[in-house]
Each structure stands twice: as structure tokens, then as C-alpha cells.
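Comments concern the structure below.
Because the structure is predicted, anything quoted here is derived from the model rather than measured. Side chains included, hydrogens not; waters and symmetry mates left out as well; all remaining heavy atoms used.
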Amino acid sequence: MARILFDHCAKRFGDVRVIDDLNLEIRDEEFMVFVGPSGCGKSTALRMIAGLEEISEGQLSIGDRVVNDVHPKDRDTAMVFQSYALYPHMTVRENISFGLRIRKMANQEIDRLVNEAADMLGLSELLDRKPKALSGGQRQRVALGRAIVRKPSVFLFDEPLSNLEAELRVQMRAQISQLQRRLKTTTVYVTHDQTEAMTMGHRISVLSPAHPDGSTNLMQCGTPLELYDQPQNLFVARFIGTPNMNTLTATLNDAGDRVEHPAFTAPLVNGAGGNGAGAMRGKQIVLGIRPEHISSPDELDTDKPVGFDGVVEIIETVGHEVIIHVRTNDDLIIAKLGSHHKLPDYGDRVQLALDANAMHLFNPETELRL
């Protein structure tokens, strides 16, 4: 069993807090992704699992064993780095087998494990080459092979695809996900790319930079759809999704059944705001609405359209759709149009509608979901 448990873990470098009060369970055989902006502590949390960073406070367990004081080589983890970390003077075969030879494993068993991993990763024809004769994607597969042959309890990936071109990143994402499903090894994967996080992780942990008050920098942990459909705070709402969620200053009316914005008034439907909306009646709130829930009135598929207009300031054509940024009052609102739609021009005033069924409400002071 390779469950990983962070129990009130913290990491400080002198007076600098990087991880604060991290409580998180990574389940056996789970693919967990740490995602967040630079400086949020995601790589530090990964290195704490590997034993490459000491834990300042709390306990970290792998399986049933507390590993705070366990040497990295005794934790039964394998790490794949962003830089590949291959030995340039060794062949692919020698790179993959290096860790096994250090452990003085029998040559016959080493050959079997290396050939098995090479076949799995499509490296069989490259075993006698050296890293300088490989492409970036091939080098990354060699780094994967070196981790696989050890058959560890936990795989750790620290932004392994960030050096690859876009098309190759897509291919490697699929290959890593497929390998994890096949091997059923508990995996922790660090990335700053939310597309990687959303397409690869069973669950995703969204981290933010440490807060001055010492509260946890784990903003939310959940499945990709949970984070997308039910963000628990403004940080997650703004971080997850491309383009970013529109977050608009609005007011909840005195009756608590409508949201009032200078450009429109929208009814609260489907329990939007939950139980927290009652306390915000007559007060300012933050209204969140994703760009795909704003479009032209004839394209928006909803039974609760809320119309408004604005002036086009930015147009982004991305093939199957067109993203427009529309100025209405003091807000710049992002909307999506189908590519077959008659495209507006810069400076045009356009009619749009938002889906009242898809609104998210947040408290502007706590930034928590209502």
C-alpha cells in the first residue's frame, strides 16, 4: 500500500514560509496533481515526499510508515525531473539500469527489467544510443524508464514536460497517464500547466503562495470536474479554466433572489449562493461566470438567458471558436462565440447573454464560495 499522508506539514526556509499546515491524503494507486502559480510550494511538497527537503513541522507518512527521518533512498520512491538528469557518457541501456546496478541486482534480472521498460516506452531500438543522439521526447522516456525499472511504491514527477514542444507534450501526457493506469502506482505530479492537471489527474490539489496569517496554502483538492464546476474560493475559480472565469463586482438584492450588476440583473436559480447567500442580502458580492456561459443570444443554450451589451476591445480567433473581450461599464467581460458566427469588429457594440444557471457567487471579504 502506498498511501501518502501530509499531517499538518510545514516547510520554512529561515523566516520564509513555503508550505503551511498542509493536510492531504493521496490515496493508494491515485494519480494526484499539484498545480498552482510559481512560488506556491508544489515542487517543495513533492521534494518533501522524496526526502529531498526536510519537514519543518508535522508528519509525512508513506504507507503505514512515518518518513520524516527516513533517508530518500529508503522511501521506495522514484523521481522524474524536469531536466531529465541523464548521464551523458552512458547509453540508454546504462542510464535505465544504473539504479539497479547500484543495488547489485543480478545481470539477468537487470536485462529483463530494462528490456521490459524499453518495450513499454518504445525505446528498444535506442538502447545503444547516448542521450546526445536522442530528441527531447526520447530523453524524457529514458528518464521514465529509469523510474519504472525500480518498481517503486510511488512515482514523483516534477514538471517533466515543460521542456518539450506543445505537440510532444500532448503525446507524453497521454503516455504517462496510460503508464500509470497500467502500473497502478501511486503518482504525484507537479505542473504549472492547468491543462496537464485537468487531463491527467484523478484528483488535483490547487496550491497558492503561503499566506501571511499562516493558514494552509492548499486552496482545494478534488476531481477536475469538481474544481471546474464547484470552485470553493476565488483563487481556484480564477486559476482553473481557460480563459479565466469572469469575476464581477455585483450586489445581491434585499430579497436575496437576484444579482444586480450595472449592465444586467440576473435571477438566482438552481440554489446559486447556497445557504450563505442569505447573510449577503443587500450587500456586495463577487459574481463568477465562465466565458463559455456567455455568448450571443442566438447561440447560448439556456432557459435562463440574461442579456446585456458592450463594446468589443479584443478578438481572439482560435479555430472552432472566437473569444471576445467586451467592455461594459467598468468591467471587461470575456465571452465565447462559435467560429461560424458573424464576427464583430473592434469597437463594435454587441449584444450578449449569460446563462443564469451557471453563475457562481463569492464573498468579497473571505473570497469563499457562497
Side-chain angles (χ1 to χ4, degrees), residues 2-9 19-38 40-46 48-49 58 60-61 154-159 173 176-177 180-181 184-211 215-247 270-277 286-293 357-363 366-370:
R3 183 191 73 150
I4 301 169
L5 182 64
F6 288 90
D7 184 6
H8 294 285
C9 288
I19 298 288
D20 260 324
D21 197 29
L22 178 57
N23 292 284
L24 178 67
E25 178 185 3
I26 301 170
R27 302 162 186 158
D28 185 35
E29 300 185 4
E30 182 173 36
F31 196 127
M32 171 66 77
V33 179
F34 290 165
V35 70
S38 296
C40 71
K42 53 188 184 294
S43 289
T44 300
L46 190 80
M48 290 164 72
I49 299 172
L60 175 65
S61 301
V154 177
F155 285 134
L156 303 173
F157 292 90
D158 191 4
E159 305 213 37
R173 283 204 309 258
I176 291 172
S177 296
Q180 198 276 337
R181 289 195 301 271
K184 298 184 186 302
T185 303
T186 305
T187 298
V188 186
Y189 188 103
V190 163
T191 181
H192 64 276
D193 185 334
Q194 61 166 286
T195 301
E196 276 184 26
M198 297 289 281
T199 55
M200 298 178 76
H202 298 158
R203 287 191 302 156
I204 301 169
S205 293
V206 182
L207 284 82
S208 74
H211 296 264
S215 59
T216 182
N217 40 339
L218 176 62
M219 293 289 96
Q220 187 174 348
C221 179
T223 66
L225 283 179
E226 285 172 349
L227 296 180
Y228 196 80
D229 293 336
Q230 296 290 320
Q232 294 304 301
N233 50 68
L234 275 172
F235 184 90
V236 175
R238 288 167 173 157
F239 189 82
I240 298 295
T242 305
N244 294 346
M245 178 186 286
N246 295 289
T247 50
N270 295 335
N275 296 328
V286 176
L287 165 65
I289 183 81
R290 295 200 180 277
E292 58 266 37
H293 297 131
N357 294 301
M359 296 191 305
H360 306 263
L361 272 57
F362 301 91
N363 185 314
T366 66
E367 298 193 351
L368 297 177
R369 183 184 188 88
L370 293 177

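- Between M359 and L287, some side-chain heavy-atom pair lies under the 4.5 Å cut-off.
- The two residues A45 and F34 have their closest heavy-atom pair at CB-CE1, 3.7 Å.
- The CG atom of L156 sits 13.0 Å away from atom CE of M32, with the distance rounded to the nearest 0.5 Å.
- Between atom OG1 of residue T191 and atom CE of residue M198 there is a gap of 12.5 Å, rounded to the nearest 0.5 Å.
- Applying the side chain to side chain donor-acceptor pair (under 3.5 Å) criterion to T44, with sequence neighbours excluded, gives no partner residue.
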Decide yes or no on side-chain contact (heavy atoms from CB on, under 4.5 Å) for V286 and L234, but give the supporting numbers first. CA-CA 9 Å; V286 176; L234 275 172; 3.8 Å; yes
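- When all heavy atoms of F157 and L46 are compared, the closest pair comes out as O-CD2, 3.5 Å.
- Separating the CD atom in Q230 from the CD atom in Q220 is a distance of 9.0 Å, to the nearest 0.5 Å.
- For the pair N233 (side chain) and E367 (backbone), a donor-acceptor distance under 3.5 Å is absent.
- Looking at residues two or more places apart in sequence or on another chain, you find no salt bridge (charged side-chain N to carboxylate O under 4.0 Å, His left out) involving R173.
- Rounding to the nearest 0.5 Å gives a distance of 11.5 Å between CZ of R181 and OG1 of T187.
- Listed by first and then second residue, the salt bridge (charged side-chain N to carboxylate O under 4.0 Å, His left out) pairs that reach into residues 184-209 are E30-R203, sequence neighbours excluded.
- A search for side chain to side chain contact (heavy atoms under 4.5 Å, CB included) contacts involving H8 returns D21, N23, not counting sequence neighbours.
- Looking at residues two or more places apart in sequence or on another chain, you find a side chain to side chain contact (heavy atoms under 4.5 Å, CB included) between E159 and K42, Q82, S162, V190, H192.
- A heavy-atom distance below 4.5 Å is not found between the side chains of T185 and V154.
- When the side chain to side chain contact (heavy atoms under 4.5 Å, CB included) test is applied to D229, the partners found at least two apart in sequence or on another chain are L225.
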Give the table of side-chain donor-acceptor pairs shorter than 3.5 Å for residues 236-247, with sequence neighbours excluded, one pair per line with atom names and distance.
residue	atom	partner	partner atom	Å
R238	NE	T247	OG1	3.3
R238	NH2	T247	OG1	3.4
N246	OD1	I334	N	2.7
N246	ND2	I289	O	3.1
N246	ND2	I334	O	2.9

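- For the atom pair CD1 (I19) and CG (L207), the distance works out to 5.5 Å, reported to the nearest 0.5 Å.
- By the side chain to side chain donor-acceptor pair (under 3.5 Å) test, N363 is found to be paired with no residue, residues two or more places apart in sequence or in another chain being considered.
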Hey, mind stepping through V188 and I49 against side-chain contact (heavy atoms from CB on, under 4.5 Å) and telling me if it holds? CA-CA 9 Å; V188 186; I49 299 172; 4.1 Å; yes
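- Listed here is the closest heavy atom pair of F235 and V206: CE2-CG1, 3.8 Å.
- The distance from atom CG of L218 to atom OG of S208, rounded to the nearest 0.5 Å, is 9.0 Å.
- Within the 4.5 Å cutoff, the side chain of H360 has no heavy atoms near those of the H293 side chain.
- Taking the side chain as every heavy atom from C-beta outward, P224 and I204 approach each other to under 4.5 Å.
- Listed by chain and number, the residues in a ring-ring contact (aromatic ring centres under 6.0 Å, His included) with F31 are Y189 (sequence neighbours excluded).
- Take D20 and apply the side chain to side chain donor-acceptor pair (under 3.5 Å) test, not counting sequence neighbours, and it matches R12, R17.
- Nearest heavy atom pair, residue L24 against residue S205, reads CD2-OG, 3.5 Å.
- Checking side-chain atoms of T186 against main-chain N and O of A2 turns up a donor-acceptor pair under 3.5 Å.
- Residues forming a side chain to side chain contact (heavy atoms under 4.5 Å, CB included) with L5 (at least two apart in sequence, or on another chain): R3, E25, S61.
- Considering only residues two or more places apart in sequence or on other chains, E29 meets the side chain to side chain donor-acceptor pair (under 3.5 Å) condition with none of them.
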